[in-house]
Amino acid sequence: MDKKNKNKNKKSLLMSVIVLIVFIIIIAGIAIYYVSKDEEKDNKVLAYTDLIKEISYGNIEKIEMTVGSTNVKVKIKGGEEKRAVVPNTEAFIELVQQKISEGNDFELIQKPKNIITQIPAAILSIFPTLIMLALFIMIFKMQGLGEKGQVYEETERKTRIRFKDVAGLDEEKGELIEIVDFLKRPEKFTRMGAKIPKGVLLYGKPGTGKTLIAKAIAGEANVPFISMSGSEFIEMFAGLGASRVRKLFDKARKLSPCIVFIDEIDAIGSRRTSNSGAETENNQTLNQLLVEMDGFSSEETIIVLAATNRPEMLDKALLRPGRFDRQITIPTPDLKGRLEILRIHSAEKRLSDSVNLESIAEDTAGFTGAELANILNEAAIIATINKHEEIENADIEEAVKKVTVGLEKHSRVYSDKDKKLTAYHEAGHAVVSWYLPTQTDVKEVSIIPRGVAGGYTMYKSDEDKYYISKTEMKEKLIALLGGRAAEKLVLDDISTGASNDIEVATKIAREMVTKYGMSENLGPIDFQGKEQGDMLAFGENIGDKIGNEVKALIDEAYSSAQKLLIDHRDKLDVIAQTLLTKEKINEQEFQKIFE
C-alpha cells in the first residue's frame, strides 16, 4: 500500500509538472502570436504626430476608436487603413470634434469596450506573475513543504514483516529483541532506571538485510515505521534539508511510540567540513539531526534506526552515546544462514525434488541475502524459458553463472587464434590452481564468452572464510597470473585478455603491503589512506619502497606460475585441447584428467 501511495504521489507530481509546462507553452504561444501579429502590422502604424498632420490637412476619411483604449484605426482618403496610438484619448477626442466643427469632413466612430478582445492583453499582462506563481507551487510540491504534499517518504503503517522472515542473522536478532521490548513495554525498563536507546546504527555490505531487519523490528513491536532515505533530505535550496528533519521528527512525536528509519544515512551524516555551498547545506542538515536526537524526552518512545554500508564516513558526533547508542554489524550470512535464506525465498517457487539447497548454500559462500534471492529468481526465469515444469539444479547453476560471470554468448564468433589463446589462458588458471594447496577446487572451465569475459574458470566456494593467510594470498596471486603465464609459455606472446587478472592481482599485492603489513622489508605498518605529509614520517622514498615491494610480490607470483606450467605442461595441453573440442569442462571431467 505504501509503495502504491508513493507511486501515486510521484505520478501526481509528474502530472502537475506536465500541466504546468503545457500551460506555459500555451501562454507563450499566445504571446508569440500577438507579438508576431503586431510585427506584421508595423508597416501600417501611423505616428501620432503624423496623424495630427493628416487631420489638419483634411486627408482623413474615418477615425474608429474603442472606449478606454489608446489604439485607433484611421482610414486615409484614397488609401488604406492604418492604426495609431494616442497618448491621451480625451484630448484627442476634443481635437477631433473641434476639427469636425471647423468643417473637416471625416467620420468619428466610438465603439463600446469589448471584454473578449481584452482577454489576451490581460493574460499577457499577468503572464510573468502566473509563471512565478506556477514555479513557486511546483517548487513547493517538489520540496515537500506544502500542507497536502508528502513531507517525506513515510510508511505510516504497521509492517507485516517479522523476525521469522529474516534469516541468517540470529545473533543480531537476539540483540535487537531488546529494542522490541523497549517499544512494547517501556515501563519494564524505566522501572529499573534504564533509558531507552535513542539510536541503533546497522552497517554492512549492500544486500545483507539492514532495511529488512529494521522493518522486522517495527513489525514485532507493532508500531508505526517511518522510513526515509538520507538522500531525500538533501536539496538544492538552502535550509530545506534541516526543515525536512524537523518535520520528520515532529511526525514521529505524534506517532510515538514508533521507529524512524533513515536508510543510507551517510548521505547526510558524513563528516562536517568548513566548506561553503552544498557542504554547508549538508552540515546544517546533520546539525539539525543531532539536535533532534538530543531533544527526545523520556516520555517519547522513539527509536531511530539507521543503515549504511560506509560507517567510516559518518561524523563522530553521530556515533557517541546518546545518539546512536548501539552499532550492529550485519554480516554476509554463513552456511547455516544461507540455507535458511534459500529456504525462505524458495518457499513460493516450484522446486524439483532433485534440487539440493544445502549444496547451493555451500557453493555460494560470501553471497548476501539479496544475491541469493536474485539467484533463485533468475533460476525461475531460466526454468520458464527452458519450458521446465519445475526449477531444476541445472537452472540454478546457470543462474549462479549468469549472476556472477554474466550471460553466456554463443553467438559471438571467434577466430581460431583467439579461441586457442582463450583455451590456454583458462587452462593456465585451472592447472596452476590445482597444484596450489590453499586454492579451492575448480568447478568449471569454459571458453564460451560470458559478460565481458572471453572465457572463465569457476571455483568451488564451499567454506566461509573470515581470515586469509599470507600464503593463501600469495597463492591467489599465482592462480590469477596463471593465464598470462600460459599465454607466454605456449604462444610466446601475451594479450589483453589478462587485464582483469592483473588488476585484481595488483590490488591484492598492494593491500598485502599497505594494509595488512605482510611485507618483510617494510614490516607491519598501515600505509593505506595516509596523507602525503603523514607518509613522510616513514622516509622520503617510502612510495618507491612500497612500489618495489608490490612489484616483487607480482614478479614472484608470475615466476611461480610459469614454473608450475612448465613442470605440468602435459596437463596444460590436455585441458586446452579438451576446451577447444568441447568448449566446457565440468568438475568431474577436470578431476579425471589429473587422476
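Judged purely by atom type and a 3.5 angstrom limit, D325 uses its side chain to pair as donor or acceptor with the backbone of K198. A donor-acceptor distance shorter than 3.5 angstrom exists from the side chain of R338 to the backbone of T364, with no hydrogens or angles considered. Formation of a donor-acceptor pair under 3.5 Å by the N377 side chain with backbone atoms of A373 is not found in this model. For K210 (side chain) and A307 (main-chain N/O), no donor-acceptor pair under 3.5 Å exists by modelled atom type. Checked by atom type and distance alone, the side chain of S446 pairs as donor or acceptor with a backbone atom of I448 at under 3.5 Å. One N or O on the side chain of E426 and one on the backbone of T457 form a donor-acceptor pair closer than 3.5 Å. Without hydrogens or angle criteria, R323 side chain to A317 main chain gives a donor-acceptor distance under 3.5 Å.
Residues passing the side-chain hydrogen bond (donor to acceptor under 3.5 Å, both in side chains) test with R510: none are found, sequence neighbours excluded. Considering only residues two or more places apart in sequence or on other chains, F538 meets the ring-ring contact (aromatic ring centres under 6.0 Å, His included) condition with F527. Looking at residues two or more places apart in sequence or on another chain, you find no salt bridge (Lys or Arg N to Asp or Glu O under 4.0 Å) involving K515. For D501, the side-chain contact (heavy atoms from CB on, under 4.5 Å) partners are H425, H429, L480, A498, not counting sequence neighbours. Residues satisfying the side-chain contact (heavy atoms from CB on, under 4.5 Å) test with T384, not counting sequence neighbours, are none. For A509, the side-chain contact (heavy atoms from CB on, under 4.5 Å) partners are L477, V550, L553, I554, not counting sequence neighbours. Every residue meeting the side-chain hydrogen bond (donor to acceptor under 3.5 Å, both in side chains) condition with R320, not counting sequence neighbours, appears here in chain and number order: D294. Residues passing the side-chain contact (heavy atoms from CB on, under 4.5 Å) test with S519 are V513, N521, L522, E549, sequence neighbours excluded. F324 meets the ring-ring contact (aromatic ring centres under 6.0 Å, His included) test with no other residue; sequence neighbours excluded. Applying the side-chain hydrogen bond (donor to acceptor under 3.5 Å, both in side chains) rule to T332 yields no partners; only residues at least two apart in sequence or on another chain are considered. With sequence neighbours excluded, the residues satisfying side-chain hydrogen bond (donor to acceptor under 3.5 Å, both in side chains) with D170 are K336.
Residues H388 and E390 form no side-chain contact, since every pair of their non-hydrogen atoms from C-beta on lies 4.5 Å or further apart. Proximity of D266 to E264: side-chain heavy atoms (C-beta onward) are separated by under 4.5 Å at one or more points. Side-chain atoms of V355 and D395, non-hydrogen and from C-beta on, never get closer than 4.5 Å to each other. Contact of the Y459 side chain with the Q439 side chain is not registered, since no non-hydrogen atoms from C-beta on lie closer than 4.5 Å. In this structure, L202 and T208 have side chains that are not in contact, with every pair of non-hydrogen atoms separated by 4.5 Å or more. Side chains of L201 and I265 form a contact here, defined as non-hydrogen atoms less than 4.5 Å apart. Side-chain contact between I330 and K205 is absent, with no heavy atoms from C-beta onward closer than 4.5 Å.
Atoms OG1 and CD1, from T514 and I542 in turn, are 11.0 Å apart once rounded to the nearest 0.5 Å. Separation of atoms CD1 (I341) and CZ (R343) is listed at 12.0 Å; rounding is to 0.5 Å. The distance from atom CG of N374 to atom CZ of F367, rounded to the nearest 0.5 Å, is 10.0 Å.
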Applying side-chain contact (heavy atoms from CB on, under 4.5 Å), run through R244 and M228 and close with a yes or a no.
-> CA-CA 10 Å; R244 282 192 168 187; M228 189 167 180; 4.0 Å; yes
Begin from the C-alpha positions of L289 and F249 and carry the test side-chain contact (heavy atoms from CB on, under 4.5 Å) through to its verdict.
-> CA-CA 9 Å; L289 178 61; F249 283 92; 3.7 Å; yes
Report the C-alpha separation of D165 and L212 in whole Å, then their side-chain angles, then the decisive distance to 0.1 Å, and conclude whether the side-chain contact (heavy atoms from CB on, under 4.5 Å) test is met.
-> CA-CA 9 Å; D165 301 313; L212 184 67; 5.6 Å; no
Apply the test side-chain contact (heavy atoms from CB on, under 4.5 Å) to residues L351 and L357: give CA-CA distance (whole Å), side-chain angles for both, the deciding distance (0.1 Å), then the verdict.
-> CA-CA 10 Å; L351 288 183; L357 292 178; 4.1 Å; yes
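In summary, K443 and D363 engage in a salt bridge, as defined by a charged side-chain N under 4.0 Å from a carboxylate O. In summary, D250 and R253 engage in a salt bridge, as defined by a charged side-chain N under 4.0 Å from a carboxylate O. A salt bridge links K507 with E511: at least one charged nitrogen is closer than 4.0 Å to a carboxylate oxygen.
Within 6.0 Å of NZ on K551 lie no more than 12 heavy atoms contributed by other residues, nucleotides or ligands.
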Which pairs of donor and acceptor atoms, one on a side chain in residues 172-183, lie under 3.5 Å apart (sequence neighbours left out)?
residue, atom, partner, partner atom, Å
K173, NZ, F163, O, 3.2
K173, NZ, V166, O, 2.6
E178, OE1, R326, NH1, 3.0
E178, OE1, R326, NH2, 2.7
D181, OD1, R185, NH2, 3.1

